[in-house]
Protein chains: 2
Amino acid sequence: MPNPTLALYIDRLEGPLGQRIYAALRNAILDITFEPGMILRKGALCEQLGVSRSPVSEALGRLSSDGLVDIIPQSATRVSQFSLVELREESFLREAVEVAAVVKVAAERTEDQLTRLTRNLRLQELLIDDKDFQGFFEADVEFHELILGFTGFPKVVAAAGQMSLQLRRARMLLLPEEGRPAEALAEHHSILNAIRAKDPAAAGQAVSMHLGQLIERIVPLQRQHPGYFRPS
Amino acid sequence: MPNPTLALYIDRLEGPLGQRIYAALRNAILDITFEPGMILRKGALCEQLGVSRSPVSEALGRLSSDGLVDIIPQSATRVSQFSLVELREESFLREAVEVAAVVKVAAERTEDQLTRLTRNLRLQELLIDDKDFQGFFEADVEFHELILGFTGFPKVVAAAGQMSLQLRRARMLLLPEEGRPAEALAEHHSILNAIRAKDPAAAGQAVSMHLGQLIERIVPLQRQHPGYFRPS
DNA sequence: TTCTGTCAACTAACATGCCAGTTGGAGGCG
DNA sequence: CGCCTCCAACTGGCATGTTAGTTGACAGAA
């Protein structure tokens with residue numbers, strides 16, 4: 001079932017066609033528009049997008065090295081399935097980087113950084129009160145990205161995202177649980193408090209706790225969506 | 001100046017042509033056979049390798065997303081230059097992951113893992129005695145990869161390598177300093193001792209110290225090889 | 001009914017032709 | 001003498017034709 005949205009999407013972007021197609025397919029995979037295990041036919045994609053096979057091949061090649069698609073030589077290419085060990089791996093990497101980041105930030109934080117984090121948390125509170133869970137999700141992501149960016153290493157936020165692509169995709173499957181946003185907010189507060197207190201150890205601990213619960217909530221997904229997971 | 005070794009190299013590998021070319025170019029860039037800033041001409045590469053432009057384009061695209069080449073659209077593609085902030089960033093990421101790994105490993109280590117690490121360190125001692133610095137270099141890399149692998153997450157070692165490509169490349173420029181291998185060996189010993197003692201905190205500290213050395217030795221390279229660094 | 005061998009249709013991989021954007025230098029103008 | 005303009009050659013991006021490998025279904029034998 002072709003997705004006409006794709007063709008519109010690549011027209012809105014600019015830059016080389018290959019990169020636009022890469023971005024479009026990547027987004028489609030990450031938000032489960034393209035389901036794990038789904039077979040991607042080059043010819044069909046070209047027809048839907050109205051382009052030739054060259055830029056599509058380039059895009060698929062990059063997605064392959066991202067681990068988002070599996071290319072079976074001379075045969076087919078399909079959207080990669082989840083693997084629990086891989087998800088645990090990404091969780092480990094993500095936690096390693098984010099803990100290191102918050103430790104550094106907690107030690108060196110400026111007043112301005114504190115202000116921006118506080119402002120973000122205020123926003124989170126408002127969004128929860130309004131039950132705008134989509135908005136909360138985005139503010140949540142931004143909170144983490146702010147901390148990563150405050151390390152002074154601009155590419156760290158990109159690297160952290162790149163190393164947890166599967167995690168981000170699996171997160172889309174999580175149903176909004178009653179009370180979970182409030183819990184997350186409380187965890188964010190304890191992170192911010194440790195940063196405010198310039199207590200690196202406590203900040204690292206708080207981030208570790210916060211991230212650790214994500215993988216716990218992801219594990220049961222294997223039962224709910226067995227087709228999305230690699231038979232192992 | 002074409003490198004005839006390349007053509008031979010890709011013949012020895014197997015798999016899709018694009019991947020072989022990617023691997024060949026990647027190696028050439030990482031060991032400075034292709035110098036930072038050097039312009040890569042697609043046509044010339046195709047002629048040297050005896051292939052068409054398709055697989056070369058694919059390879060260059062992947063190298064671009066690795067950050068090893070910069071593609072200037074419609075103009076040229078060149079081997080990326082070093083950037084000190086980027087190198088510091090990679091050092092930060094590398095340290096974050098490797099510290100997290102050794103903390104986990106120190107807590108959970110088995111006797112077998114201890115044996116393999118000890119054996120590796122013995123080898124390092126022998127190689128230093130024989131003044132085989134190339135061999136020591138490889139044993140050094142293996143020591144770190146062993147620890148990363150002992151996390152139980154097979155892809156962590158690959159991820160750690162992927163996130164510190166520039167660091168690995170810059171390392172090639174370091175001249176062998178008198179007494180540095182012996183220092184490194186001593187640092188490896190303190191890491192191993194902490195792992196043996198099941199002391200995660202000490203192990204993390206030791207790894208952090210050890211990795212901190214590398215970036216300190218890389219910083220002065222900007223003076224020795226100004227052409228290899230991005231003008232900033 | 002089940003297993004196996006064969007073959008046709010489909011796929012990704014590769015080669016090649018074409019086009020548009022960039023660049024650097026030559027030549028003219030101030 | 002210096003600066004600006006313009007043009008030609010070269011580059012990477014895209015389209016398309018061709019090839020080789022895989023797969024799955026169908027037919028025939030056990």
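Every chain is numbered from 1 and lettered A, B, ... according to where its sequence line falls, protein lines coming before strand lines.
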Within 45° of the six-membered ring axis of A:Phe82 and under 6.0 Å from that ring's centre, is NZ or CZ of A:Arg169 located there? yes
Going 5' to 3' through nucleotides 7-15 of chain C and flagging B where a protein heavy-atom sits under 4.0 Å of the base, S where only the sugar-phosphate is that close, and - otherwise, we get ----BBBSB
Measuring from atom CD of A:Glu58 to atom CG of A:Leu63, what distance do you get when rounded to the nearest 0.5 angstrom? 10.5 Å
Of all the heavy-atom pairs spanning B:Leu214 and B:Arg171, show the shortest one and how long it is. CD1-CG, 4.2 Å
Can A:Glu86 and A:Arg230 be counted as an ion pair, charged N to O under 4.0 angstrom? yes
Any pair with a residue in residues 57-76 of chain A that passes ring-ring contact (aromatic ring centres under 6.0 Å, His included), sequence neighbours left out, goes on the list, sorted by first then second residue, please. none
